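To start, the structure under review is shown below, and the notes come after it.
Since the model is a prediction, treat every value here as computed from it, not as a measurement. A note on names: the letters A, B, ... follow the listed sequences, proteins ahead of strands, and every chain is numbered from 1.
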Amino acid sequence: MSRSIALESVSRLYHQADVLVKAVSDVSLTFEPGEFTTLFGPSGSGKTTLLNLIGGLDVPTSGQVRIGETVMNVLSPSERATFRLNHIGFIFQSYNLIPVLSARENVEFVMQLQGVHSAARRERAMEVLGRVGLAELSDRRPDQMSGGQQQRVAVARAIASEPDIILADEPTANLDSKTAADLLSLMQELNEVRKITFLFSTHDKQVMERARRLVRLRDGKVENDERRS
Amino acid sequence: MQTLSLAWRNIWRNRRRTLLTAGAVAFACTVLSFTISLQQSSYKTAIEASASIFQGHLQIQRIGYQDEPKLSLAFPFSSNLQSLLSLEPSVAAYSPRVNAFSLASSDERTFGVQIFGVDPLTEPLVSSIPGTIRAGRYLQAKDSSGAVIGKALSENLKVSLGDELTLLGQGADGSMAAGIVSIVGIFSSGSTEIDRTMIQIPLPTAQEIFSLPSEINALVVRSTNLTRSNEIANRIQQILPNNLRILTWDELNPGLKEAIELDMVSGWLFLFSLILIVAFGVLNTFLMSLLERIREFGLLMALGMKAWSLIFMVSLELLCLLLTGTLPGVVMGLAIITYFSIVGFSVPGAEELTQLWNLPAVLYPQLNPLFLLSGPTVVVVITFVLVVPFSLRLRRINPVEALTSV
Amino acid sequence: MTRLWSTALVTTALASRNILRNPRRTLLTLTAVIVGVASTVALAALARGVAQQLVDDSIYNLTGHLKIQHPDSARDPAVEHTIDAREESVEALQQIPGVHAVLPRIVAPAVIRSERESFPITLFGVDPGLEGRNSVAGKAVSNGENLSDSDDSHLILGSKIVEKLETRIGRRVVVMTQDIENEIADRGFRIEGIFQAEVQSTELLFSFTGLETLRKMLRLKDDQLHEISILVEPEASLPEIQKQVQKLFPKAAVLTWQELQPLVVSMTKIQNGFLIIWFLIVIVSAGFGLVNSLLMSIFERVREIAVMHALGMTRVWIVIETVLQSFLLLVVGGLIGVLGGMAIVRQFSGGIDLSKFARGASIAGIGDRIVPQLIWSDVVLVVGLLIALGTLGSLYPAWLAAQVNPARSLQRL
């Protein structure tokens, strides 16, 4: 089921030494199901914080974060974790994978937490690994793969759990441009075919070029929100 | 000195880890300090107790007497000998004794007993028994046929003050020895063995009964320092005539010495395994921290630091780490021992055991730097010896590789 | 249920693989645990061996499991403290279920004299056929001949006292004691045999002759004895039998070996206390290393833990994963340690030679050789305590692991 994301006057303040930092300041945004959006801006502009808030990894100081019917910030940490498990996929800039698990096991990880039967799990894992072109590397561990391959496994894992939303924090930052381009094409395809909402935070021009919606942030506030065709 | 301050700061870079490791070392050091202090104190007390009850710190005897205590192995208590001993500064007091085994009969009972002929004036200087009289009084110079007897023996013989005992035995020349004594005092020495078997009579009386004119079996000596017994014995042996020998407390009571040794050996088995466990823990932490810092070491070496200086610094760090644990550990151990040295230490249910070793029921452990520090020192030494060889691997660092490693 | 199960499975897989991630660190921690457990098991077995020997010895050395004697005998072993032992009563004792042997004895404190020396001794008049292998009284002599029956008028002495008396088999010695009429009884005995005992003092203090011989020497009546020592079957209930015996001998004192030898009992109790304290010290020491090890591994894994949490693994399961690492390590270390301890015990199954310390050991009632005894309840206790406390101690690092804040840690890139 597709869910929309709604941020209503969300702020996130915290103390660092004696200074009060306003990571996110009164932001209101809505994302419809199936959108392919980029958040961009200088470092410290609040991109990552916003993603964390949407993903329930962090709780706003004020305002509401709503995904579908669910208000994230009133859930307990374990409820949020469970919500993430079932509805949200994550791709990080690096260190996405659990080092002691093979590629296939990494992909299966979330499904195991979800309680999917082992036969079904394996089938789906191999399917998505095939989808990202890494079927032969399924038994390799992360330290035996390149950066690009690791990111692709992360993507495979993100979609294997069939989430409504995928949040990606600078996923192409550590990749060369060719690999980045391939990865982006993959994600665009997933977005168009499976209607998964994609939300990126990035510096990367390539990513911005492909996005259909661009949200510019500065100092924790939305400076610009542009939709493209 | 700069290296030392650098080493010190380095171990505190990872506070939690250092504190945990130091904590383990401190714990072990406390256990060691306390246990060894207690153990050694109890040995000292047992030795002192057994020596001062009756046996004395040292004894001068005929050669061969200790192994086969025959009445006939006696020697004259010459004035020569006496003046030699009086001149010796480490001799605090001495007292002569005659010892014979005989039967003692009361009206109703007869038992085999150990008769000791003693000098009532000097005996109190070398033995605590005269001070443990519970009824009546101790022997006096004027007593010719008086006797003091152990409490348990008096009960077994069914006698009390004023009663007479007939003594029947064998004299030094093989003839029959007989005499009658009357009880002037009953003592309770603290040793069940002694209380059950000993009768003391004046020396001249014993010499008469057992046909030993002006001769004695042993000269009991109290020295100024029990721990220096061997030294003192060697000195005195030099001035003794050829047929006499001076024995130290452990030669007089080999059982006690062996029992102490046995206890120490088994004690050290336990303590040693504890030390090993802690040493492995430190090794673990230390190796980890070395591996983490490869890059930093590579940098230092690229900047010109020699491998040996690096090893030196790292060894200093290890030492700092160990001392951070050892010092609080020793202080803690000291505190605990001080507490018990005031309040007294006793193990509930150990009464029979303490009796066996002539120990008092409550032990007041001594504060002794050797006892407190020996355990922790071994910890430091062994850990050091175990860990430092690993640091020699630092010589193999290639600065370029190290700098580019993750 | 499936969800719980499969989460548990993946958590276990993670835990076990994480342990293997840094083999050197795991090995070092494991070694500390193994050393701790092995040494504790071995030393406990040693201590139990000592205790067991004390118990066996005191039982074997004429105490028996139960003793019937005059109420005043313990305090004052005088000749007139006898018990009234008619034949019917003695036979009735044999009939009590669980009773293995009934050993009647006459005992006299005496003085033994050879040509050259005299020493105090305790003379036992026994029935050699009954004593048999049940006590040192019936033990086969190392030299010479055993007593043949209760009328045998020869003497069996310990080898140490024969040395001290400067005599030997075949020679005569004189034994002096006091008889029931309060007169000195004085009799010559020919030494027939020499025995050796584990504990030195036994050889010095005990001597044996025929029951009837001693009875005549002391002028005791036919139904008078000084003591009856009773040995019971291994599974028999001592208190039960004690009650029944008391009924047969209402006027006598019927004492168990624990009551007769409180030293042995207190030694065993103290040992128990000491061993437990020792276990705890070892576990705490090894525990420091374990916690440290865990902490180091958690710090290395901060990002990965953050990822796991982000993917939907709840904090509870993250805690469980860490605790599980600790648990698995302890189980493996514990088992290997137990095997190690057992190997050490097996190595010394022939007994540890204490002859260098024989005299000292004798004071405590210990013999020349100690055979370590592995007691399974000790082993279970050690391993159980280890795993329980170790796992408990790992809660601290585990809690820390769970505190990892994904938002913060993932940002720091």
Side-chain angles (χ1 to χ4, degrees), chain B residues 14 16-17 20-21 23-24 27-28 31 68 70 101-103 105 107-114 152 155-156 168-170 197 254-263 265-266 269-270 272-274 276-285 287-288 291 347 349-353 355-357, chain C residues 22 24-25 28-29 31-33 35-36 38-40 43 46-47 75-78 109-111 113 116-121 164 166 176-178 182 184 262-263 265-267 269-270 273 278 281-282 284-289 291-293 295-296 354 356-364 366:
Chain B
N14 190 329
R16 201 181 333 237
R17 183 163 75 195
L20 265 180
T21 314
F27 181 68
V31 170
E68 287 189 40
K70 291 201 252 239
F101 176 75
S102 79
L103 285 179
S105 300
D107 279 341
E108 301 178 49
R109 296 285 182 81
T110 303
F111 271 108
V113 298
Q114 291 285 353
E155 285 167 3
N156 285 351
L168 202 63
Q170 211 170 16
T197 56
L256 182 58
K257 177 162 199 262
E258 284 177 5
I260 290 178
E261 285 172 354
L262 184 58
D263 195 69
V265 166
S266 53
L269 281 178
F270 280 96
F272 197 70
S273 53
L274 180 62
L276 270 187
I277 293 173
V278 170
F280 273 108
V282 174
L283 179 62
N284 207 354
T285 314
L287 276 188
M288 268 308 108
L291 284 172
V347 178
E351 295 82 28
E352 288 92 2
L353 210 54
Q355 254 278 341
L356 190 64
W357 300 113
Chain C
N22 191 328
R24 187 201 331 246
R25 185 165 64 211
L28 281 173
T29 315
T31 310
V33 171
V35 167
S39 69
T40 309
L43 291 172
L46 179 66
R75 200 180 39 82
D76 181 10
V111 171
R113 238 180 42 227
R116 320 242 192 123
E117 298 294 334
S118 50
F119 290 103
I121 203 149
K164 288 193 125 175
E166 297 182 8
M176 274 199 315
T177 182
Q178 195 177 16
N182 217 356
I184 305 248
L263 177 63
V265 176
S266 75
M267 253 195 168
K269 266 198 244 161
I270 291 177
W278 179 250
I281 291 178
V282 164
V284 168
S285 293
F288 274 105
V291 168
N292 225 352
S293 202
L295 279 177
M296 287 192 274
L354 285 186
K356 256 185 44 173
F357 305 105
R359 287 169 290 190
S362 178
I363 297 182
I366 305 174

Below 4.5 Å from any heavy atom of chain B, which atoms of [X] appear? Answer side chain, backbone, both or neither.
{"X": "C:Ile184", "answer": "side chain"}
{"X": "C:Ile281", "answer": "both"}
{"X": "C:Pro109", "answer": "side chain"}

Review point. Among all residues two or more places apart in sequence or in another chain, which pass the side-chain contact (heavy atoms from CB on, under 4.5 Å) test with C:Val35?
Key: B:Leu276, B:Ile277, B:Phe280, C:Thr31
Shorter than 4.5 Å, heavy atoms on both sides: which option in [options] has the most such pairs with chain B?
{"options": "C:Ala47, C:Gly289, C:Ser285, C:Gly287", "value": "C:Ser285"}
{"options": "C:Thr29, C:Leu28, C:Thr177, C:Asn22", "value": "C:Leu28"}
{"options": "C:Leu43, C:Leu46, C:Ile121, C:Val282", "value": "C:Leu43"}

Practice item. Output yes when a side-chain donor or acceptor of C:Gln178 lies under 3.5 Å from a complementary backbone atom of B:Glu108, and no otherwise. Key: yes
Check your understanding: What is the minimum heavy-atom distance between C:Met296 and B:Asn284, and which atoms define it?
Key -> CE-O, 4.4 Å
Point to revise | Shortest non-hydrogen contact from C:Leu295 toward B:Arg16 | key: CD1-CD, 3.6 Å
Review point. Would you call the rings of C:Trp278 and B:Phe270 parallel, tilted or perpendicular, where under 30° means parallel and over 60° means perpendicular?
Key: perpendicular
Under 4.5 Å from a heavy atom of chain C, the part of [X] involved:
{"X": "B:Phe272", "value": "neither"}
{"X": "B:Asp107", "value": "backbone"}
{"X": "B:Glu261", "value": "both"}
{"X": "B:Val265", "value": "side chain"}
{"X": "B:Thr21", "value": "both"}

Exercise for review: Mind ranking B:Val282, B:Thr285, B:Leu262 by heavy-atom pairs under 4.5 Å with chain C and telling me who comes out on top?
Suggested key: B:Leu262
Review point. Relative to chain C, which of B:Asn14, B:Leu168, B:Leu287, B:Leu103 shows the most heavy atom pairs under 4.5 Å?
Key: B:Leu103
**Study point:** C:Val111/B:Phe101 under side chain to side chain contact (heavy atoms under 4.5 Å, CB included): CA gap, chis, key distance, verdict
**Key:** CA-CA 10 Å; C:Val111 171; B:Phe101 176 75; 3.4 Å; yes
Check your understanding: Taking C-beta and beyond as the side chain, do C:Phe288 and B:Val278 meet within less than 4.5 Å on heavy atoms?
Key -> no
Check your understanding: Under 4.5 Å between any side-chain heavy atoms of B:Glu68 and C:Glu166, yes or no?
Key -> yes
Point to revise | Interatomic distance, B:Gln170 atom CD to C:Arg113 atom CZ [nearest 0.5 angstrom] | key: 6.0 Å
